[in-house]
Amino acid sequence: MSDIIDNIIARVQVSPIFRSREYMRPDYVPDELPHRETQIRALGDILVHAVKGEAPSNVFIYGLTGTGKTAVTKFVLSNLHRRAPDKFSFVYVNARQSDTPYRVMADVIETLGGKVPFTGLSTAELHRRLQRTVNDVRKVVILVLDELDALIKRHGDELLYRLTRINVELSVSRVSIVGITNDVTLVDELDPRVKSSLGEVEQVFPPYNAVELEDILKRRASVAFKLGVVSDEVISLCAALAAREHGDARRALDLLRVAGEIAEREGKQVVRQEHVYQARTEIERDRMHDVIQTLPFHSKLVLLSIVEGSKRDRSLTTGEVFEIYRGLTRKLGLESVTQRRVSDIVNELDMLGVITASVVNRGRYGKTKEIKLSVDRKSILEVLNEDERLHGIWS
DNA sequence: CCTCCACCGGAACTTACGGAGT
DNA sequence: ACTCCGTAAGTTCCGGTGGAGG
(Lines give C-alpha, C1' and ligand atoms only; values in the text may rest on other atoms or scores of the structure.)
Protein backbone atom coordinates (compact mmCIF):
# COMPACT_ATOMS: atom_id res chain seq x y z
CA MET A 1 0.00 0.00 0.00
CA SER A 2 2.62 2.49 1.05
CA ASP A 3 4.41 2.06 -2.25
CA ILE A 4 1.57 4.00 -3.80
CA ILE A 5 2.43 6.96 -1.61
CA ASP A 6 6.13 6.47 -2.30
CA ASN A 7 5.32 6.62 -5.94
CA ILE A 8 3.42 9.84 -5.60
CA ILE A 9 6.14 11.45 -3.58
CA ALA A 10 8.81 10.32 -5.99
CA ARG A 11 6.86 11.83 -8.83
CA VAL A 12 6.60 15.17 -7.09
CA GLN A 13 10.22 15.24 -6.09
CA VAL A 14 11.58 14.57 -9.54
CA SER A 15 8.83 16.01 -11.63
CA PRO A 16 9.64 15.68 -15.31
CA ILE A 17 7.45 18.71 -15.89
CA PHE A 18 7.91 21.33 -13.20
CA ARG A 19 11.12 22.89 -12.12
CA SER A 20 9.61 25.14 -9.53
CA ARG A 21 5.89 24.94 -9.16
CA GLU A 22 5.52 27.91 -6.84
CA TYR A 23 5.97 30.37 -9.70
CA MET A 24 2.66 29.21 -11.08
CA ARG A 25 0.68 29.80 -7.93
CA PRO A 26 -2.07 32.36 -8.44
CA ASP A 27 -0.96 34.64 -5.62
CA TYR A 28 2.68 34.73 -6.60
CA VAL A 29 3.95 38.24 -7.32
CA PRO A 30 6.82 38.11 -9.81
CA ASP A 31 9.84 40.42 -9.72
CA GLU A 32 8.81 41.87 -13.01
CA LEU A 33 5.43 42.63 -14.43
CA PRO A 34 5.72 42.77 -18.18
CA HIS A 35 3.36 45.09 -20.08
CA ARG A 36 2.37 46.94 -16.94
CA GLU A 37 5.27 49.39 -16.93
CA THR A 38 2.98 52.36 -17.53
CA GLN A 39 0.75 51.43 -14.63
CA ILE A 40 3.68 50.77 -12.33
CA ARG A 41 5.16 54.15 -13.13
CA ALA A 42 1.87 55.97 -12.69
CA LEU A 43 1.03 54.32 -9.40
CA GLY A 44 4.61 54.73 -8.20
CA ASP A 45 4.48 58.45 -8.96
CA ILE A 46 1.50 58.81 -6.68
CA LEU A 47 2.56 56.57 -3.86
CA VAL A 48 6.19 57.66 -3.76
CA HIS A 49 5.31 60.47 -1.37
CA ALA A 50 4.95 57.83 1.31
CA VAL A 51 8.71 57.36 1.17
CA LYS A 52 9.10 60.90 2.45
CA GLY A 53 6.60 60.19 5.17
CA GLU A 54 3.86 62.20 3.49
CA ALA A 55 0.42 60.82 2.81
CA PRO A 56 -0.13 60.17 -0.92
CA SER A 57 -3.43 60.97 -2.61
CA ASN A 58 -6.13 58.39 -2.47
CA VAL A 59 -6.20 56.26 -5.59
CA PHE A 60 -8.96 54.42 -7.33
CA ILE A 61 -8.00 51.58 -9.62
CA TYR A 62 -10.30 49.86 -12.08
CA GLY A 63 -9.78 46.99 -14.45
CA LEU A 64 -11.25 43.61 -15.22
CA THR A 65 -10.11 40.49 -13.39
CA GLY A 66 -6.62 39.29 -14.13
CA THR A 67 -5.34 42.57 -15.51
CA GLY A 68 -2.65 42.90 -12.88
CA LYS A 69 -4.27 45.42 -10.53
CA THR A 70 -3.45 43.53 -7.40
CA ALA A 71 -0.02 42.45 -8.58
CA VAL A 72 0.99 45.96 -9.61
CA THR A 73 -0.25 47.49 -6.37
CA LYS A 74 1.53 44.94 -4.22
CA PHE A 75 4.63 45.25 -6.37
CA VAL A 76 4.81 49.02 -6.11
CA LEU A 77 4.07 49.11 -2.41
CA SER A 78 6.47 46.39 -1.37
CA ASN A 79 9.24 47.91 -3.44
CA LEU A 80 8.69 51.35 -1.99
CA HIS A 81 8.45 49.87 1.45
CA ARG A 82 11.73 48.06 1.08
CA ARG A 83 13.48 51.40 0.52
CA ALA A 84 11.82 53.21 3.38
CA PRO A 85 10.47 50.70 5.88
CA ASP A 86 10.30 53.19 8.73
CA LYS A 87 8.39 55.87 6.81
CA PHE A 88 5.15 54.08 6.11
CA SER A 89 3.19 50.89 6.51
CA PHE A 90 0.73 49.34 4.14
CA VAL A 91 -2.18 47.06 4.73
CA TYR A 92 -3.77 44.86 2.14
CA VAL A 93 -7.35 43.75 2.62
CA ASN A 94 -9.39 41.71 0.21
CA ALA A 95 -12.95 42.90 0.55
CA ARG A 96 -14.37 39.81 -1.09
CA GLN A 97 -12.94 37.57 1.61
CA SER A 98 -13.68 40.09 4.34
CA ASP A 99 -16.93 41.32 2.97
CA THR A 100 -18.38 43.19 5.92
CA PRO A 101 -17.31 46.51 7.40
CA TYR A 102 -16.56 44.72 10.64
CA ARG A 103 -14.20 42.24 9.08
CA VAL A 104 -12.42 44.81 6.96
CA MET A 105 -11.67 46.93 10.01
CA ALA A 106 -10.72 43.84 12.00
CA ASP A 107 -8.30 42.83 9.26
CA VAL A 108 -6.69 46.24 9.17
CA ILE A 109 -6.25 46.31 12.93
CA GLU A 110 -4.78 42.85 12.93
CA THR A 111 -2.23 43.49 10.20
CA LEU A 112 -1.16 46.61 12.06
CA GLY A 113 -0.48 44.42 15.09
CA GLY A 114 -3.62 45.08 17.10
CA LYS A 115 -5.89 42.46 18.53
CA VAL A 116 -9.59 42.33 17.99
CA PRO A 117 -12.28 39.73 18.76
CA PHE A 118 -13.80 37.78 15.92
CA THR A 119 -17.22 39.14 16.81
CA GLY A 120 -19.04 40.84 19.62
CA LEU A 121 -18.10 44.49 19.25
CA SER A 122 -20.13 47.21 17.65
CA THR A 123 -18.78 48.66 14.44
CA ALA A 124 -18.53 51.99 16.22
CA GLU A 125 -16.28 50.44 18.84
CA LEU A 126 -14.21 48.79 16.15
CA HIS A 127 -13.87 52.08 14.38
CA ARG A 128 -12.56 53.66 17.56
CA ARG A 129 -10.03 50.88 17.98
CA LEU A 130 -9.00 51.22 14.37
CA GLN A 131 -8.26 54.89 14.91
CA ARG A 132 -6.23 54.12 17.99
CA THR A 133 -4.25 51.40 16.28
CA VAL A 134 -3.52 53.57 13.28
CA ASN A 135 -2.47 56.43 15.49
CA ASP A 136 -0.12 54.20 17.44
CA VAL A 137 1.67 53.27 14.25
CA ARG A 138 2.88 56.88 14.05
CA LYS A 139 3.47 56.98 10.34
CA VAL A 140 1.69 57.00 7.03
CA VAL A 141 -0.58 54.02 6.53
CA ILE A 142 -1.57 53.02 3.03
CA LEU A 143 -4.74 51.01 3.00
CA VAL A 144 -5.29 48.79 -0.01
CA LEU A 145 -8.89 47.67 -0.38
CA ASP A 146 -9.06 45.06 -3.10
CA GLU A 147 -12.30 43.93 -4.74
CA LEU A 148 -14.14 46.82 -3.18
CA ASP A 149 -17.22 46.21 -5.30
CA ALA A 150 -18.12 43.14 -3.23
CA LEU A 151 -18.24 45.22 -0.08
CA ILE A 152 -20.05 48.20 -1.55
CA LYS A 153 -22.76 46.10 -3.15
CA ARG A 154 -23.61 44.39 0.09
CA HIS A 155 -23.01 47.07 2.66
CA GLY A 156 -22.90 50.40 0.91
CA ASP A 157 -20.19 53.02 1.14
CA GLU A 158 -20.58 53.88 4.81
CA LEU A 159 -17.27 52.29 5.74
CA LEU A 160 -15.51 53.98 2.86
CA TYR A 161 -16.84 57.32 3.95
CA ARG A 162 -15.58 56.76 7.45
CA LEU A 163 -12.18 55.66 6.25
CA THR A 164 -11.72 58.65 3.99
CA ARG A 165 -12.53 60.88 6.94
CA ILE A 166 -10.34 59.11 9.43
CA ASN A 167 -7.48 61.57 8.96
CA VAL A 168 -9.51 64.37 10.45
CA GLU A 169 -9.45 62.68 13.80
CA LEU A 170 -5.87 61.50 13.73
CA SER A 171 -3.06 63.43 15.32
CA VAL A 172 0.16 61.80 14.15
CA SER A 173 -0.56 59.15 11.55
CA ARG A 174 -2.09 59.68 8.14
CA VAL A 175 -4.12 57.27 6.08
CA SER A 176 -4.22 56.96 2.32
CA ILE A 177 -6.56 54.61 0.54
CA VAL A 178 -6.00 52.60 -2.59
CA GLY A 179 -9.32 51.20 -3.77
CA ILE A 180 -9.32 48.43 -6.34
CA THR A 181 -12.39 47.26 -8.22
CA ASN A 182 -13.39 45.12 -11.19
CA ASP A 183 -16.62 46.97 -11.63
CA VAL A 184 -16.30 50.16 -13.62
CA THR A 185 -19.79 51.33 -12.74
CA LEU A 186 -19.01 51.21 -9.04
CA VAL A 187 -18.12 54.88 -8.79
CA ASP A 188 -21.59 55.94 -9.79
CA GLU A 189 -23.01 54.21 -6.76
CA LEU A 190 -20.79 56.05 -4.34
CA ASP A 191 -21.71 58.98 -2.18
CA PRO A 192 -20.39 62.09 -3.92
CA ARG A 193 -18.26 62.91 -0.91
CA VAL A 194 -16.61 59.51 -1.03
CA LYS A 195 -16.30 59.77 -4.76
CA SER A 196 -14.39 63.00 -4.74
CA SER A 197 -12.20 61.93 -1.88
CA LEU A 198 -11.37 58.45 -3.08
CA GLY A 199 -11.22 59.38 -6.71
CA GLU A 200 -8.51 61.99 -6.25
CA VAL A 201 -6.56 59.95 -8.72
CA GLU A 202 -8.00 57.28 -10.96
CA GLN A 203 -6.21 54.62 -12.86
CA VAL A 204 -7.47 52.18 -15.44
CA PHE A 205 -5.93 48.83 -16.19
CA PRO A 206 -6.65 47.66 -19.73
CA PRO A 207 -6.87 43.93 -20.43
CA TYR A 208 -3.87 42.15 -21.86
CA ASN A 209 -4.05 41.17 -25.49
CA ALA A 210 -3.10 37.70 -26.73
CA VAL A 211 0.45 38.72 -27.61
CA GLU A 212 1.09 40.18 -24.17
CA LEU A 213 -0.42 37.16 -22.48
CA GLU A 214 1.82 34.94 -24.51
CA ASP A 215 4.86 36.88 -23.41
CA ILE A 216 3.81 36.72 -19.76
CA LEU A 217 3.24 32.99 -19.98
CA LYS A 218 6.57 32.45 -21.72
CA ARG A 219 8.50 34.24 -19.02
CA ARG A 220 6.71 32.46 -16.25
CA ALA A 221 6.99 29.07 -17.91
CA SER A 222 10.71 29.46 -18.33
CA VAL A 223 11.22 29.51 -14.57
CA ALA A 224 8.39 27.25 -13.51
CA PHE A 225 8.74 24.45 -16.03
CA LYS A 226 11.70 22.39 -17.13
CA LEU A 227 13.32 23.23 -20.39
CA GLY A 228 11.51 21.98 -23.46
CA VAL A 229 8.44 20.82 -21.58
CA VAL A 230 6.17 23.59 -22.73
CA SER A 231 6.12 24.35 -26.43
CA ASP A 232 5.23 27.64 -28.05
CA GLU A 233 2.01 26.13 -29.38
CA VAL A 234 0.86 25.23 -25.90
CA ILE A 235 1.58 28.73 -24.68
CA SER A 236 -0.22 30.33 -27.60
CA LEU A 237 -3.22 28.15 -26.94
CA CYS A 238 -3.39 29.16 -23.29
CA ALA A 239 -3.00 32.79 -24.26
CA ALA A 240 -5.65 32.55 -26.95
CA LEU A 241 -8.16 30.86 -24.67
CA ALA A 242 -7.61 33.43 -21.95
CA ALA A 243 -7.61 36.37 -24.37
CA ARG A 244 -11.04 35.31 -25.47
CA GLU A 245 -12.12 35.94 -21.91
CA HIS A 246 -11.06 39.59 -21.85
CA GLY A 247 -7.34 38.98 -21.39
CA ASP A 248 -7.35 37.50 -17.94
CA ALA A 249 -3.76 36.69 -17.02
CA ARG A 250 -4.72 34.68 -14.00
CA ARG A 251 -6.85 32.42 -16.13
CA ALA A 252 -4.03 31.95 -18.61
CA LEU A 253 -1.61 30.98 -15.85
CA ASP A 254 -4.15 28.63 -14.28
CA LEU A 255 -4.65 26.90 -17.60
CA LEU A 256 -0.96 26.38 -18.05
CA ARG A 257 -0.41 25.19 -14.51
CA VAL A 258 -3.27 22.70 -14.57
CA ALA A 259 -2.23 21.50 -18.02
CA GLY A 260 1.20 20.84 -16.54
CA GLU A 261 -0.31 18.96 -13.64
CA ILE A 262 -2.36 16.80 -15.97
CA ALA A 263 0.68 15.97 -18.06
CA GLU A 264 2.53 15.13 -14.87
CA ARG A 265 -0.22 12.84 -13.65
CA GLU A 266 -0.17 11.03 -16.94
CA GLY A 267 3.56 10.60 -16.60
CA LYS A 268 4.26 12.52 -19.77
CA GLN A 269 7.48 14.39 -20.49
CA VAL A 270 5.90 17.33 -22.26
CA VAL A 271 2.72 19.36 -22.04
CA ARG A 272 0.53 19.04 -25.11
CA GLN A 273 -2.34 21.11 -26.44
CA GLU A 274 -4.83 18.42 -25.45
CA HIS A 275 -3.71 18.86 -21.86
CA VAL A 276 -4.67 22.50 -22.08
CA TYR A 277 -8.15 21.61 -23.30
CA GLN A 278 -8.45 19.06 -20.52
CA ALA A 279 -7.27 21.69 -18.07
CA ARG A 280 -10.01 24.01 -19.21
CA THR A 281 -12.76 21.52 -18.48
CA GLU A 282 -11.11 20.40 -15.27
CA ILE A 283 -10.92 23.94 -13.91
CA GLU A 284 -14.54 24.52 -14.75
CA ARG A 285 -15.61 21.22 -13.23
CA ASP A 286 -13.73 21.88 -9.99
CA ARG A 287 -15.24 25.32 -9.70
CA MET A 288 -18.76 23.99 -10.19
CA HIS A 289 -18.14 21.18 -7.76
CA ASP A 290 -17.04 23.60 -5.04
CA VAL A 291 -19.86 25.99 -5.73
CA ILE A 292 -22.56 23.35 -5.52
CA GLN A 293 -21.06 21.53 -2.59
CA THR A 294 -20.89 24.61 -0.40
CA LEU A 295 -24.44 25.73 -1.18
CA PRO A 296 -26.77 26.17 1.82
CA PHE A 297 -29.17 23.28 2.17
CA HIS A 298 -32.26 24.96 0.83
CA SER A 299 -30.33 26.27 -2.14
CA LYS A 300 -29.39 22.67 -2.88
CA LEU A 301 -33.04 21.72 -2.67
CA VAL A 302 -33.98 24.49 -5.06
CA LEU A 303 -31.24 23.40 -7.44
CA LEU A 304 -32.47 19.83 -7.20
CA SER A 305 -35.97 21.05 -7.98
CA ILE A 306 -34.68 22.72 -11.10
CA VAL A 307 -32.86 19.56 -12.13
CA GLU A 308 -36.03 17.54 -11.62
CA GLY A 309 -38.18 20.07 -13.39
CA SER A 310 -35.97 20.35 -16.44
CA LYS A 311 -36.31 16.66 -17.23
CA ARG A 312 -38.79 17.42 -19.94
CA ASP A 313 -36.57 19.67 -21.88
CA ARG A 314 -38.26 23.00 -21.43
CA SER A 315 -37.57 26.00 -19.29
CA LEU A 316 -39.23 26.43 -15.94
CA THR A 317 -40.81 29.35 -14.19
CA THR A 318 -40.23 30.38 -10.59
CA GLY A 319 -43.70 29.17 -9.67
CA GLU A 320 -43.06 25.70 -11.06
CA VAL A 321 -39.71 25.44 -9.29
CA PHE A 322 -41.39 26.47 -6.07
CA GLU A 323 -44.03 23.77 -6.48
CA ILE A 324 -41.43 21.05 -6.99
CA TYR A 325 -39.42 22.41 -4.09
CA ARG A 326 -42.48 22.26 -1.87
CA GLY A 327 -42.95 18.64 -2.85
CA LEU A 328 -39.36 17.86 -1.86
CA THR A 329 -39.60 19.50 1.54
CA ARG A 330 -42.85 17.70 2.20
CA LYS A 331 -41.16 14.41 1.39
CA LEU A 332 -38.37 15.26 3.78
CA GLY A 333 -40.73 16.52 6.44
CA LEU A 334 -39.07 19.94 6.48
CA GLU A 335 -40.31 23.47 6.66
CA SER A 336 -40.06 25.21 3.33
CA VAL A 337 -38.93 28.74 2.68
CA THR A 338 -41.24 31.23 1.01
CA GLN A 339 -41.50 31.79 -2.69
CA ARG A 340 -39.89 35.17 -2.20
CA ARG A 341 -36.82 33.46 -0.82
CA VAL A 342 -36.80 30.87 -3.60
CA SER A 343 -36.81 33.73 -6.07
CA ASP A 344 -33.67 35.09 -4.43
CA ILE A 345 -32.04 31.67 -4.37
CA VAL A 346 -32.72 31.33 -8.09
CA ASN A 347 -30.94 34.63 -8.59
CA GLU A 348 -28.02 33.45 -6.51
CA LEU A 349 -27.73 30.24 -8.49
CA ASP A 350 -27.81 32.31 -11.66
CA MET A 351 -24.95 34.48 -10.47
CA LEU A 352 -22.92 31.42 -9.60
CA GLY A 353 -23.38 30.21 -13.15
CA VAL A 354 -25.13 26.96 -12.27
CA ILE A 355 -28.32 28.02 -14.01
CA THR A 356 -29.44 30.81 -16.28
CA ALA A 357 -32.50 32.77 -15.26
CA SER A 358 -33.90 35.64 -17.25
CA VAL A 359 -37.05 37.62 -16.63
CA VAL A 360 -39.61 37.22 -19.35
CA ASN A 361 -42.97 38.82 -19.91
CA ARG A 362 -45.64 36.47 -21.02
CA GLY A 363 -48.34 39.06 -21.26
CA ARG A 364 -51.56 37.64 -20.00
CA TYR A 365 -49.59 34.80 -18.44
CA GLY A 366 -47.61 37.10 -16.27
CA LYS A 367 -44.05 38.13 -15.71
CA THR A 368 -41.73 35.47 -14.41
CA LYS A 369 -38.26 34.04 -14.75
CA GLU A 370 -37.29 31.52 -17.34
CA ILE A 371 -34.97 29.09 -15.63
CA LYS A 372 -32.63 26.68 -17.35
CA LEU A 373 -29.71 24.58 -16.21
CA SER A 374 -26.40 25.68 -17.60
CA VAL A 375 -24.46 22.71 -16.31
CA ASP A 376 -24.80 19.08 -17.22
CA ARG A 377 -27.62 17.52 -15.18
CA LYS A 378 -25.71 14.38 -14.31
CA SER A 379 -22.73 16.17 -12.82
CA ILE A 380 -24.99 18.29 -10.63
CA LEU A 381 -26.74 15.20 -9.31
CA GLU A 382 -23.36 13.64 -8.60
CA VAL A 383 -22.35 16.52 -6.39
CA LEU A 384 -25.74 16.77 -4.70
CA ASN A 385 -25.56 13.07 -3.97
CA GLU A 386 -22.55 13.73 -1.76
CA ASP A 387 -24.93 15.36 0.69
CA GLU A 388 -26.40 12.51 2.67
CA ARG A 389 -29.41 14.56 3.65
CA LEU A 390 -30.48 14.31 0.03
CA HIS A 391 -30.09 10.58 -0.29
CA GLY A 392 -32.97 8.74 -1.81
CA ILE A 393 -35.32 11.57 -2.56
CA TRP A 394 -34.97 11.64 -6.27
CA SER A 395 -35.45 9.10 -8.94
C1' DC B 1 -56.00 50.85 -25.74
C1' DC B 2 -56.61 48.84 -21.44
C1' DT B 3 -56.34 44.86 -18.13
C1' DC B 4 -54.50 41.87 -15.34
C1' DC B 5 -51.42 37.77 -14.77
C1' DA B 6 -47.54 35.84 -12.19
C1' DC B 7 -44.43 36.96 -10.66
C1' DC B 8 -40.21 40.62 -9.66
C1' DG B 9 -37.56 42.96 -6.36
C1' DG B 10 -36.86 46.68 -2.66
C1' DA B 11 -37.09 47.30 2.26
C1' DA B 12 -37.91 46.59 6.88
C1' DC B 13 -38.25 43.26 10.20
C1' DT B 14 -37.35 38.43 12.79
C1' DT B 15 -34.85 34.78 14.66
C1' DA B 16 -30.92 32.25 16.04
C1' DC B 17 -26.31 32.41 17.11
C1' DG B 18 -21.64 33.41 18.83
C1' DG B 19 -19.38 36.40 21.42
C1' DA B 20 -17.97 41.01 24.27
C1' DG B 21 -18.24 44.04 27.79
C1' DT B 22 -19.45 45.13 32.43
C1' DA C 1 -26.34 37.57 34.78
C1' DC C 2 -27.49 40.75 31.68
C1' DT C 3 -27.23 43.68 27.82
C1' DC C 4 -25.54 44.84 23.47
C1' DC C 5 -23.71 43.81 18.85
C1' DG C 6 -23.05 41.89 13.91
C1' DT C 7 -24.11 38.25 10.67
C1' DA C 8 -26.75 35.00 8.08
C1' DA C 9 -30.83 33.32 6.59
C1' DG C 10 -35.40 33.99 6.10
C1' DT C 11 -40.13 36.37 6.40
C1' DT C 12 -43.64 39.89 5.65
C1' DC C 13 -45.38 43.47 3.12
C1' DC C 14 -46.07 45.59 -0.95
C1' DG C 15 -45.56 48.60 -4.97
C1' DG C 16 -44.18 47.62 -9.78
C1' DT C 17 -44.47 45.75 -14.62
C1' DG C 18 -44.35 44.13 -20.04
C1' DG C 19 -47.22 42.52 -23.10
C1' DA C 20 -51.00 38.77 -24.79
C1' DG C 21 -55.53 38.77 -25.05
C1' DG C 22 -59.80 40.84 -24.84
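FYI, side chains are in, hydrogens and waters are out, and symmetry mates aren't considered; it's all heavy atoms of this structure. Note on naming: letters A, B, ... go to the chains in the order of the sequence lines (proteins, then strands), and numbering restarts at 1 for each one.
Chaining together hydrophobic side chains whose heavy atoms lie under 4.5 Å apart leaves V172(A) on its own.
Salt-bridge check for E212(A) with K218(A): failed, with every basic side-chain N at 4.0 Å or more from each acidic carboxylate O. Using a cutoff of 4.0 Å between basic side-chain nitrogens and carboxylate oxygens, E284(A) and R280(A) are not scored as salt-bridged. In this structure, D344(A) pairs ionically with R340(A), as a charged nitrogen and a carboxylate oxygen lie closer than 4.0 Å. Ion pairing between R219(A) and D215(A) holds under the 4.0 Å rule for side-chain N and carboxylate O.
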Taking protein heavy atoms under 4.0 Å as touching, what does nucleotides 9-19 of chain C look like 5' to 3' if B marks base contact, S marks sugar-phosphate-only contact and - marks none? -SSBB---BBB
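Protein atom CZ of R128(A) is 11 Å distant from nucleotide atom P of dG21(B), rounded to whole Å. Going from atom NE2 of H127(A) over to atom P of dC5(C) covers 17 Å, rounded to whole Å. For the pair I371(A) CD1 and dA6(B) C1', the interatomic distance rounds to 13 Å; values are reported in whole Å. In this structure, the NZ atom of K115(A) is 17 Å from the P atom of dG19(B), given to the nearest Å. One can place CD of E158(A) at 14 Å from C1' of dG6(C), the figure rounded to the nearest angstrom.
Two rings, from H81(A) and F88(A), have their centers less than 6.0 Å apart. Aromatic pair F60(A)/Y62(A): ring centres closer than 6.0 Å. Taking the six-membered ring wherever Trp is involved, the centroid distance between the rings of F225(A) and F18(A) falls below 6.0 Å.
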Write down the protein N/O and nucleotide N/O pairs, taken from nucleotides 12-18 of chain B, whose separation is under 3.5 Å; answer none if there are no such pairs.
from    : atom 1 : to      : atom 2 : distance (Å)
dG18(B) : N2     : T119(A) : OG1    : 3.2

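Between T318(A) and dC7(B) there is no side-chain N or O to OP1 or OP2 distance below 4.0 Å. Between T100(A) and dG6(C) there is no side-chain N or O to OP1 or OP2 distance below 4.0 Å. OP1 or OP2 of dC7(B) lies within a sub-4.0 Å distance of a side-chain N or O belonging to T317(A).
Linking ILVMFWY side-chain heavy atoms closer than 4.5 Å, directly or via other members, places I216(A) and V230(A) in two distinct hydrophobic clusters.
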